[in-house]
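FYI, side chains are in, hydrogens and waters are out, and symmetry mates aren't considered; it's all heavy atoms of this structure. Lettering of chains follows the sequences in order, A, B, ..., and the numbering in each one begins at 1.
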Number of protein chains: 2
Amino acid sequence: MAALLEHTQETIAMRVVDALRDDIITMSLKPGDVISESDIAARYGVSRQPVREAFIRLAQQGLLLIRPKRATVVKKISPDGVRQSRFIRESIEVEIIRRVAGQPTDDAADVLTTLIADQEAASAANDSRRFHTLDELFHRTLARLAGVEYAWQLIDDHKMQLDRVRYLTLGVSSTQRAIAEHKEIAQAVAKADPAAAELAMRAHLARAELLLNQTINDFPDFFE
Amino acid sequence: MAALLEHTQETIAMRVVDALRDDIITMSLKPGDVISESDIAARYGVSRQPVREAFIRLAQQGLLLIRPKRATVVKKISPDGVRQSRFIRESIEVEIIRRVAGQPTDDAADVLTTLIADQEAASAANDSRRFHTLDELFHRTLARLAGVEYAWQLIDDHKMQLDRVRYLTLGVSSTQRAIAEHKEIAQAVAKADPAAAELAMRAHLARAELLLNQTINDFPDFFE
DNA sequence: GCCTGACAGCTTCCATACAAGGCGGGCAAT
DNA sequence: ATTGCCCGCCTTGTATGGAAGCTGTCAGGC
């Protein structure tokens with residue numbers, strides 16, 4: 001059964017964008033790899049035009065670097081860029097958690113605890129991919145509760161750099177510890193304690209810094 | 001004499017992007033206006049292809065809305081979008097000012113007072129366009145002092161919506177008041193008082209809210 | 001042996017042609 | 001008079017060919 005009100009049709013260009021982005025984030029296309037419109041077009045059996053448009057989109061998202069008349073390369077990860085992306089994310093998420101904890105709605109705490117329960121299930125099942133999804137959902141839900149879901153979309157865009165790092169260390173991160181930190185955040189929200197919520201959120205996000213430094217050592221070629 | 005080390009060449013697509021963005025921000029192209037690739041191509045005497053790529057870029061920046069197989073329209077200004085852009089900006093700028101005031105460098109205060117002096121000169125000369133430039137420079141300088149200039153670039157991208165609003169009310173805003181607020185911020189930095197700096201910055205940014213509501217009343221057709 | 005310059009092969013960029021689909025006006029049937 | 005259909009005209013999407021430019025190679029001169 002096709003969707004009835006589906007009037008945003010899939011164009012070939014969009015499919016190529018999604019496919020390439022997935023390849024890049026999952027490190028199937030590695031930082032520094034050189035690709036060309038013709039290559040990708042041949043690989044997907046389409047013409048060069050949609051591929052070209054996909055390149056433009058991904059270049060604007062900071063995943064590709066188009067060198068006019070020369071070639072297009074998968075952008076290496078900029079440690080300073082990742083650091084500043086983290087700064088942006090922390091700025092926004094701290095402001096979000098302050099709002100949520102400062103003016104908690106009735107069901108806020110319930111929604112969060114439900115999500116945490118799901119995360120525990122995923123962790124118990126050792127399903128790290130599903131846990132990652134639920135982790136994102138946790139943070140996006142906080143943005144929704146603060147009434148700034150669009151802000152999360154922004155974070156999402158500029159967090160792909162960090163996602164590449166994360167993928168390199170998949171399985172390393174301790175889901176148990178993340179869950180404990182989520183609980184701490186949720187409790188601060190339940191108690192309507194913005195200061196405690198802010199501290200818990202900052203501690204939660206700070207862990208990514210270690211991950212970055214470790215990854216730079218393990219995969220120096222992927223960084224600039 | 002051509003630039004010697006110019007190896008980032010201007011492509012036609014880039015020129016079209018710049019021209020269109022300027023037209024949109026200065027309201028030469030009004031929210032809701034319908035444009036087509038062929039129109040713009042004919043207007044600039046180029047083919048559809050570069051124009052199409054420009055549309056894609058501007059659509060990703062939220063200035064255009066491409067409706068497949070129908071037409072492309074200049075996006076109307078979303079009040080909620082502007083509100084959330086402001087939220088993002090406030091989150092980041094508050095974090096920036098905290099850092100700058102928390103770990104002030106020796107010359108930070110000097111640089112800021114110099115900038116404020118320039119602003120007073122521009123204000124005295126009634127040069128509102130120059131004042132606007134100096135206003136942006138003030139905030140970008142704070143980002144630089146905090147070591148997160150890239151973050152300001154992000155704000156810059158997502159603040160075009162607000163710039164359109166600002167252009168509608170050009171000359172209305174009181175430069176004197178803005179300068180006074182800048183002074184307050186600079187003083188808090190000089191005293192290394194993060195809390196006071198945060199309050200001053202929040203107050204400074206809050207003024208934009210009034211501007212928005214007033215503008216919605218004056219130009220309801222430009223908003224969705 | 002070393003330097004220089006032409007050149008072949010690659011890239012992205014632009015122009016053009018065609019395909020697919022939405023929209024509205026005119027027309028016919030009820 | 002109203003409703004429903006059909007057909008041009010418009011739009012964006014895709015394909016393809018050629019133009020401009022960068023890079024590395026290789027032959028020729030010193």
Side-chain angles (χ1 to χ4, degrees), chain A residues 2-21 23-24 29-76, chain B residues 2-21 23-24 29-76:
Chain A
L4 292 175
L5 291 180
E6 189 68 46
H7 62 54
T8 59
Q9 51 184 338
E10 279 276 297
T11 70
I12 294 181
M14 293 178 189
R15 279 206 306 273
V16 175
V17 166
D18 290 341
L20 281 180
R21 175 167 40 216
D23 283 348
I24 292 173
L29 283 175
K30 298 178 174 47
D33 280 0
V34 175
I35 58 182
S36 82
E37 298 172 358
S38 314
D39 284 348
I40 308 298
R43 182 185 309 175
Y44 289 100
V46 299
S47 92
R48 291 188 343 250
Q49 198 55 42
V51 176
R52 173 173 178 73
E53 298 179 2
F55 276 21
I56 293 175
R57 288 189 159 90
L58 293 171
Q60 271 209 335
Q61 297 183 7
L63 292 180
L64 292 183
L65 177 63
I66 301 178
R67 301 180 301 177
K69 305 299 171 72
R70 258 179 291 178
T72 296
V73 301
V74 180
K75 246 196 171 181
K76 294 205 175 187
Chain B
L4 291 174
L5 288 179
E6 190 68 47
H7 65 53
T8 58
Q9 50 184 339
E10 279 277 293
T11 68
I12 294 182
M14 293 179 190
R15 279 206 305 274
V16 175
V17 167
D18 290 340
L20 281 180
R21 175 166 39 217
D23 283 349
I24 293 174
L29 283 175
K30 298 178 173 45
D33 279 1
V34 176
I35 59 183
S36 82
E37 297 172 358
S38 313
D39 284 346
I40 308 298
R43 182 184 311 174
Y44 289 98
V46 299
S47 92
R48 267 186 53 213
Q49 203 54 46
V51 175
R52 174 175 178 74
E53 297 177 4
F55 276 23
I56 293 176
R57 288 189 159 91
L58 293 172
Q60 272 206 337
Q61 297 184 9
L63 292 181
L64 292 183
L65 176 63
I66 301 177
R67 301 180 301 177
K69 306 296 174 73
R70 258 179 292 177
T72 296
V73 300
V74 179
K75 246 194 173 182
K76 294 205 174 186

Give the nucleotide from the list C:dG22, D:dT11, C:dA15 with an atom nearest to the side chain of A:Gln49. C:dA15

Exercise: identify the closest heavy-atom pair between B:Leu64 and B:Ile35: CD2-CD1, 4.1 Å

Rounded distance (Å) that lies between atom C1' of D:dA19 and atom CZ of A:Arg52: 13 Å

Pair B:Glu37, B:Thr72 - check side chain to side chain contact (heavy atoms under 4.5 Å, CB included), show working. CA-CA 8 Å; B:Glu37 297 172 358; B:Thr72 296; 5.7 Å; no

Could you check how far CD of A:Glu37 sits from C1' of D:dT14, rounded to whole Å? 14 Å

On DNA chain D, does the nearest nucleotide to A:Ala13 precede the nearest nucleotide to A:Lys69 from the 5' side, or the other way round? Give the residue. A:Ala13

Where B:Lys75 and B:Gly62 come nearest, the two heavy atoms and their spacing: CD-O, 3.4 Å

Tell me, with the steps shown, if B:Leu58 and B:Arg21 meet side chain to side chain contact (heavy atoms under 4.5 Å, CB included). CA-CA 7 Å; B:Leu58 293 172; B:Arg21 175 166 39 217; 4.1 Å; yes

What is the nucleic acid contact for B:Ile35, judged by heavy atoms within less than 4.0 Å: base, sugar-phosphate only, or nothing? sugar-phosphate

Between atom CD1 in A:Ile66 and atom P in C:dC10, what is the gap in whole Å? 21 Å

D:dG21 base to A:Arg67 side chain: any donor-acceptor pair below 3.5 Å? no

What's the shortest heavy-atom distance between A:Phe55 and A:Leu20, and which atoms? CE1-CD1, 3.7 Å

Using the side-chain heavy atoms of A:Pro50, tell me which of these nucleotides is nearest: C:dA15, D:dT14, C:dT11. D:dT14

Among the candidates C:dT16, D:dC22, C:dC23, find the nucleotide nearest to the side-chain atoms of B:Arg48. C:dT16

Taking the nucleotide of DNA chain C with the nearest heavy atom to each, does B:Val46 or A:Thr72 sit closer to the 5' end? A:Thr72

Name the closest nucleotide to the B:Phe55 side chain, picking from D:dT12, C:dT11, D:dT14. D:dT12

Of the options D:dT11, D:dT14, C:dT12, whose atoms approach the side-chain atoms of A:Ser36 most closely? C:dT12

Return the value, rounded to whole Å, for the distance between atom CD of B:Glu10 and atom C1' of D:dA20. 16 Å

Could you tell me the separation between the CD1 atom of B:Ile12 and the P atom of D:dA20, rounded to a whole number of Å? 12 Å

Between CD of B:Glu53 and C1' of D:dG13 the distance, given in whole Å, is 14 Å

Within this structure, what is the CG-to-P distance between A:Leu64 and C:dT12, rounded to whole angstrom? 10 Å

Rounded to whole Å, how long is the line connecting atom OH of B:Tyr44 with atom P of C:dC14? 15 Å

